[in-house]
Amino acid sequence: MNINLLDDKELEKLRTLLAEARHIVICAHKSPDGDAVGSTLAWKSYLRQLGKDDVRICLPDAFPDFLKWMPGSNEVLRYDKRPAEVKRAFNAADLVCCLDFNQMMRVEDMRPVLEECKAKRLLIDHHIDPDRNNELTISRTEMSSTSEIVFSLIWQLGGYDDMAKDCAQCIYCGMMTDTGGFTYNSTRPEIYFIISQLLAKRIDKDNIYNKVYHNYSTNALKLRGYIIYNKLNVVEELHAAYFAVTKEEMKRFKFIKGDLEGVVNIPQQIKGLKLSISLREDTEKPNLVLVSLRSSNGFHCQPMAVRFFNGGGHADASGGKLHCSIKEAEQIALKAILAFKDELR
């Protein structure tokens, strides 16, 4: 099966960028998820395979606890914790690899550091409308994840045979988490060819699944149950559901980052549901509500994320944020549902 992504000119450009680079920074978006962490760790592993000794991963803030098992994750630099060290890494870089985000605004607080960096930029991503102001932009919106793109690039660059098991684990985890365990955005046959090649590296896919999806605390499960029983609102006639979670409720259940990962998908189990919206107060910043949207059954939530929630993403998995109270956010969610009532009926 042909999984090559680049034409000859692009491939040569990528080879040249990597060959000439001596000091490399890899970065991803704020609130990094499994794909952001998996793709950056895998790309670093490949660069080390090429003999690159100075490769740093710099992320804007924390990633979920259930990803901390991933090989190399303890070496990630967080801008919110070590800003001076992150700035030094960017200042010293001659190549910055931007993975799993399409626009600079996605790194949020780390954006000035990225914008001021004089290094050449390589963008590897699968979100729509990528920034093209890079030395090389590798954007494939049809692909399941940035981790899938990373595998294909390593494959085309001839690096598969020497790929480490740790690298393969990170790629699989990124692909798995960005498709909900291969339940959405994962119908292309190339995905399963790649999985077969990762399995050939002797990864334990079941163990990876357990580490990610069977790794919650008792409090996290109770919080999820509380949300479904007490907070879920279903607009039956429009096949939509939404819930809102406050800082006080999260504190009550001793919330840690990652405890609500995937909860937005649970209402999708309702027969005929087309849209699920999660609204969550930020635990640190006032009047900031984090929004996640999921869709199915012929409805696509991405236009709603753009129009109502200052966001975007994929056709059926999008996100955004609102600068308002949680009560106001609920009103906006209802307004958004009503605005799309013709498509949701």
Side-chain angles (χ1 to χ4, degrees), residues 5-30 32 36-61 72-127 130-140 146-147 149-159 162-164 166-167 170-171:
L5 300 182
L6 307 182
D7 61 30
D8 292 343
K9 184 178 179 181
E10 291 171 324
L11 183 60
E12 184 58 32
K13 182 67 175 178
L14 179 57
R15 288 189 189 278
T16 300
L17 280 175
L18 300 182
E20 293 178 348
R22 296 178 58 197
H23 309 287
I24 303 172
V25 167
I26 306 172
C27 60
H29 57 77
K30 184 177 173 65
V37 178
S39 62
T40 55
L41 289 171
W43 192 237
K44 178 180 178 178
S45 178
Y46 173 67
L47 294 176
R48 296 299 297 270
Q49 183 180 314
L50 292 180
K52 304 298 176 180
D53 295 324
D54 185 9
V55 183
R56 312 296 298 273
I57 297 177
C58 298
L59 301 179
D61 58 354
S73 63
N74 61 318
E75 298 177 0
V76 170
L77 285 175
R78 282 173 50 186
Y79 180 72
D80 62 332
K81 294 294 185 182
R82 300 157 75 179
E85 193 170 348
V86 169
K87 289 177 183 178
R88 286 196 295 271
F90 273 94
N91 289 339
D94 48 29
L95 176 65
V96 173
C97 302
C98 302
L99 271 60
D100 202 37
F101 66 98
N102 53 350
Q103 302 281 345
M104 283 195 182
M105 64 181 180
R106 293 288 312 282
V107 302
E108 297 200 14
D109 295 343
M110 202 170 72
R111 180 175 180 176
V113 180
L114 178 57
E115 287 184 329
E116 292 166 11
C117 181
K118 304 301 182 184
K120 294 177 179 178
R121 282 202 306 271
L122 164 67
L123 185 141
I124 303 173
D125 183 48
H126 70 133
H127 298 91
D131 179 4
R132 297 283 178 180
N133 187 28
N134 307 293
E135 198 73 16
L136 178 62
T137 299
I138 302 172
S139 174
R140 300 293 186 273
T146 299
S147 294
I149 299 174
V150 165
F151 180 90
S152 296
L153 294 177
I154 295 172
W155 179 276
Q156 190 170 5
L157 288 163
D162 294 324
M163 178 185 285
D166 285 354
C167 180
C170 292
I171 290 172

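As a basis for the values below, the full set of heavy atoms in this structure was taken, side chains included, without hydrogen atoms, waters or symmetry mates. Sequence positions, counted from 1, serve as the residue numbers for this chain.
Taking 4.5 Å as the limit, every side-chain heavy atom of Ile149 sits out of range of all side-chain heavy atoms of Asp125. Contact annotation: the side chain of Val113 never approaches that of Cys58 to less than 4.5 Å [non-hydrogen atoms, C-beta and beyond]. Annotation: side chain of Leu5 is in contact with side chain of Arg140 (closest heavy-atom distance under 4.5 Å). Counting heavy atoms from C-beta outward, Glu75 and Ile57 have side chains that stay 4.5 Å or more apart. Under the 4.5 Å side-chain criterion, counting only non-hydrogen atoms from C-beta, Arg132 is in contact with Pro130. Looking only at side-chain heavy atoms (C-beta outward), Met105 and Arg111 come within less than 4.5 Å of each other. Looking only at side-chain heavy atoms (C-beta outward), Arg22 and Leu95 stay at 4.5 Å or farther from each other. Counting only heavy atoms from C-beta outward, the side chains of Ile124 and Thr146 approach each other to under 4.5 Å.
Counting non-hydrogen atoms of neighbouring residues, nucleotides and ligands closer than 6.0 angstrom, the CG atom of Asp7 exceeds 12 such neighbours.
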Show the numbers, then the answer: is there a side chain to side chain contact (heavy atoms under 4.5 Å, CB included) between His126 and Asp100? CA-CA 7 Å; His126 70 133; Asp100 202 37; 3.5 Å; yes
Under the side chain to side chain contact (heavy atoms under 4.5 Å, CB included) criterion, do Cys98 and Leu114 qualify, and how do the steps go? CA-CA 10 Å; Cys98 302; Leu114 178 57; 4.2 Å; yes
Show your reasoning for whether side chain to side chain contact (heavy atoms under 4.5 Å, CB included) applies to Leu123 and Ile138. CA-CA 6 Å; Leu123 185 141; Ile138 302 172; over 6 Å; no
For the pair Glu135 and Lys13, evaluate side chain to side chain contact (heavy atoms under 4.5 Å, CB included) and give the outcome as yes or no after the intermediate values. CA-CA 9 Å; Glu135 198 73 16; Lys13 182 67 175 178; 2.9 Å; yes
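Put simply, the side chain of Arg56 never gets that close to the backbone of Leu77: no donor and acceptor are under 3.5 Å apart. Counting only distance, with no hydrogens or angles, the side chain of Gln156 and the backbone of Leu11 share no donor-acceptor pair below 3.5 Å. Not one N or O on the side chain of Ser45 forms a donor-acceptor pair closer than 3.5 Å with the backbone of Leu41. Between the side chain of Lys120 and the backbone N or O of Asn134 there is no donor-acceptor pair closer than 3.5 Å. Side-chain N or O atoms of Gln49 include one that pairs as donor or acceptor with a backbone N or O of Gly159 at under 3.5 Å.
Note: Asn133 CG to Arg121 CZ = 5.0 Å, rounded to the nearest 0.5 Å. The distance from atom CG of Leu136 to atom NZ of Lys9, rounded to the nearest 0.5 Å, is 11.0 Å. Atom SG of Cys97 sits about 4.5 Å away from atom CG of Leu122, to the nearest 0.5 Å. Atom CE in Met104 sits 10.5 Å away from atom CE in Met110 (nearest 0.5 Å). Here Ile26 contributes atom CD1 and Tyr46 contributes atom OH; the two are 12.0 Å apart, rounded to the nearest 0.5 Å. To the nearest 0.5 Å, the span separating CH2 on Trp43 from SG on Cys167 amounts to 9.5 Å.
The heavy-atom pair separating Cys27 from Phe101 by the smallest distance is O-CE2, 3.6 Å. Contact detail for Ile154 and Met163: the closest heavy-atom pair is CG2-CE, 3.9 Å. The shortest non-hydrogen separation linking Pro60 to Ala28 is CD-O, 3.2 Å. Considering every non-hydrogen atom in both Ala19 and Lys52, the closest pair reads O-NZ, 3.2 Å. Across every non-hydrogen atom of Tyr79 and Asp109, the tightest pair is CE2-O, 3.4 Å. The heavy-atom pair separating Asp94 from Ala119 by the smallest distance is C-CB, 3.4 Å.
Between the side chains of Asp54 and His23, at least one donor-acceptor pair of N or O atoms lies under 3.5 Å.
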